[in-house]
Visitor: 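What follows is a single structure, and I will ask about it in a moment.
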Amino acid sequence: MPYAAITYRVKPGHEEEIAKIFSEFTRVDTPDLAREDGAAAGRLLGTGVFIKDDVMVRVIHYEGDFAEVGKHMARQKGVHLLEEKLQPYLAQPRHTASPEAFAAYFRDATMRSIAQLTVDTHPAAG
């Protein structure tokens, strides 16, 4: 089950304001991902958000097709409210109002994964 990380460049010194915004976040309506035809495309397993100085990272644990994660998030009202509240604290404004703009940002802000280790991939002891 893979992980992905999305970066945000934020204005330093606003960690508490940003933390408050995330504490009030409305979670997605369902963790289940579906393609446009309704076929199952995966599932959101969890997220974590981390901030230090001018960098914030959202880590997403998921199953399935990561492109579908972005599409799913773009359809969530809570995500758009969060994005709107974050705008004053972003070092670089971004456009996420339309599903296409959100998908483009989501794709461009995704960090390159260089290692993903889990207990499932650990060699058997012995």
Side-chain angles (χ1 to χ4, degrees):
M1 292 174 224
Y3 298 86
I6 307 295
T7 60
Y8 299 74
R9 290 289 178 183
V10 295
K11 296 174 184 173
H14 297 284
E15 291 88 348
E16 292 308 314
E17 294 93 329
I18 293 169
K20 182 169 179 12
I21 291 168
F22 275 91
S23 75
E24 297 169 348
F25 175 65
T26 301
R27 294 184 71 176
V28 297
D29 59 2
T30 177
D32 299 314
L33 310 176
R35 291 188 174 81
E36 289 183 24
D37 64 4
R43 186 163 198 203
L44 291 171
L45 301 175
T47 61
V49 181
F50 304 86
I51 191 167
K52 173 97 171 106
D53 301 325
D54 68 337
V55 177
M56 186 171 69
V57 176
R58 178 184 288 196
V59 177
I60 303 168
H61 188 196
Y62 67 98
E63 296 174 327
D65 183 351
F66 187 65
E68 295 298 330
V69 172
K71 291 177 187 175
H72 183 71
M73 299 304 281
R75 293 188 298 265
Q76 302 298 313
K77 182 178 180 180
V79 169
H80 289 282
L81 291 172
L82 176 106
E83 292 288 332
E84 184 178 307
K85 291 177 182 178
L86 280 177
Q87 286 297 330
Y89 305 107
L90 297 176
Q92 300 170 346
R94 58 178 196 240
H95 306 288
T96 57
S98 74
E100 297 79 20
F102 184 91
Y105 174 75
F106 199 80
R107 187 175 48 253
D108 294 342
T110 301
M111 298 176 81
R112 175 182 161 208
S113 174
I114 57 173
Q116 294 196 27
L117 306 173
T118 68
V119 70
D120 297 334
T121 62
H122 193 278

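Keep in mind it's a predicted model, so treat the numbers as computed, not measured. The figures here come from the full heavy-atom set of this structure, side chains too, leaving out hydrogens, waters and symmetry mates.
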Visitor: Ignoring hydrogens, what is the shortest heavy-atom contact between Phe106 and Ile6? Give both atom names and the distance.
Guide: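 So the minimum-distance heavy-atom pair works out to O-CD1, 3.8 Å.
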Visitor: Identify all side-chain donor-acceptor contacts of residues 54-72 below 3.5 Å with residues at least two apart in sequence or on another chain.
Guide:
| unit_1 | atom_1 | unit_2 | atom_2 | d |
| --- | --- | --- | --- | --- |
| Asp65 | OD1 | Ala67 | N | 3.0 |
| His72 | NE2 | Thr30 | O | 2.8 |

Visitor: Measure the spacing between CZ of Arg27 and CG of Leu44 and express it to the nearest 0.5 Å.
Guide: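 Reported value, rounded in 0.5 Å steps: 9.5 Å.
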Visitor: What are the two closest heavy atoms between Gly38 and Ala34, and how far apart are they?
Guide: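 Reported closest heavy-atom pair: O-CB, 4.0 Å.
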Visitor: Given 3.5 Å as the limit, does a donor-acceptor pair link the side chain of Gln87 with the main chain of Pro93, or not?
Guide: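 The answer is no, because no donor-acceptor pair under 3.5 Å joins these two groups.
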Visitor: Measure the spacing between CG of Leu90 and CD1 of Ile18 and express it to the nearest 0.5 Å.
Guide: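 CD1 of Ile18 is found 7.5 Å from CG of Leu90.
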Visitor: List the residues meeting side-chain contact (heavy atoms from CB on, under 4.5 Å) with Ala91, not counting sequence neighbours, and say none if there are none.
Guide: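 Scan of Ala91 (side-chain contact (heavy atoms from CB on, under 4.5 Å), adjacent residues dropped) gives Arg9.
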Visitor: Please report the interatomic distance OG1(Thr26) to CG(Leu81), rounded to the nearest 0.5 Å.
Guide: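 Going from OG1 on Thr26 over to CG on Leu81, the span is 6.5 Å.
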Visitor: Applying side chain to side chain donor-acceptor pair (under 3.5 Å), name anything that partners Lys11, two or more places apart in sequence or on another chain.
Guide: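 Per chain and number, Lys11 pairs via side chain to side chain donor-acceptor pair (under 3.5 Å) with no residue.
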Visitor: Strictly by ring-ring contact (aromatic ring centres under 6.0 Å, His included), give each pair with a member in residues 6-30 just once, sequence neighbours left out.
Guide: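 Every ring-ring contact (aromatic ring centres under 6.0 Å, His included) pair that includes a residue of residues 6-30, provided the two are not neighbours, is His14-Tyr89.
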Visitor: Any side-chain heavy atom of Tyr3 within less than 4.5 Å of one from Thr118?
Guide: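 Counting from C-beta outward, Tyr3 and Thr118 do come under 4.5 Å.
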Visitor: Kindly state each residue pair satisfying salt bridge (charged side-chain N to carboxylate O under 4.0 Å, His left out) with at least one member in residues 81-95, sequence neighbours excluded.
Guide: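 Every pair satisfying salt bridge (charged side-chain N to carboxylate O under 4.0 Å, His left out) with a residue in residues 81-95: Glu83-Arg94.
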Visitor: Apply side chain to side chain donor-acceptor pair (under 3.5 Å) to Glu24 and list each qualifying residue two or more places apart in sequence or on a separate chain.
Guide: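 Expected list: Lys20.
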Visitor: Under the criterion side chain to side chain contact (heavy atoms under 4.5 Å, CB included), I'd like the reasoning laid out for Met73 against Phe102: C-alpha separation, chi angles, the key distance, then a yes or no.
Guide: CA-CA 9 Å; Met73 299 304 281; Phe102 184 91; 3.8 Å; yes
Visitor: Any pair with a residue in residues 38-53 that passes salt bridge (charged side-chain N to carboxylate O under 4.0 Å, His left out), sequence neighbours left out, goes on the list, sorted by first then second residue, please.
Guide: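 Non-adjacent pairs meeting salt bridge (charged side-chain N to carboxylate O under 4.0 Å, His left out): Asp32-Arg43.
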Visitor: Does one hydrophobic cluster hold both Ile21 and Phe50, with members joined at side-chain heavy-atom distances below 4.5 Å?
Guide: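 Different clusters: Ile21 never reaches Phe50 through Ile, Leu, Val, Met, Phe, Trp or Tyr contacts under 4.5 Å.
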Visitor: Under the 4.5 Å side-chain heavy-atom rule for ILVMFWY, direct or indirect, which residues accompany Leu117?
Guide: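 So far as hydrophobic clustering goes, Leu117 is joined with none.
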Visitor: Kindly write out the residues that satisfy side-chain contact (heavy atoms from CB on, under 4.5 Å) with Asp108, not counting sequence neighbours, or none if the list is empty.
Guide: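 With sequence neighbours excluded, Asp108 shows a side-chain contact (heavy atoms from CB on, under 4.5 Å) to no residue whatsoever.
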Visitor: Of all residues at least two apart in sequence or in a different chain, which pass the side-chain contact (heavy atoms from CB on, under 4.5 Å) check with Ser113?
Guide: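 Here the qualifying residues are Gln116.
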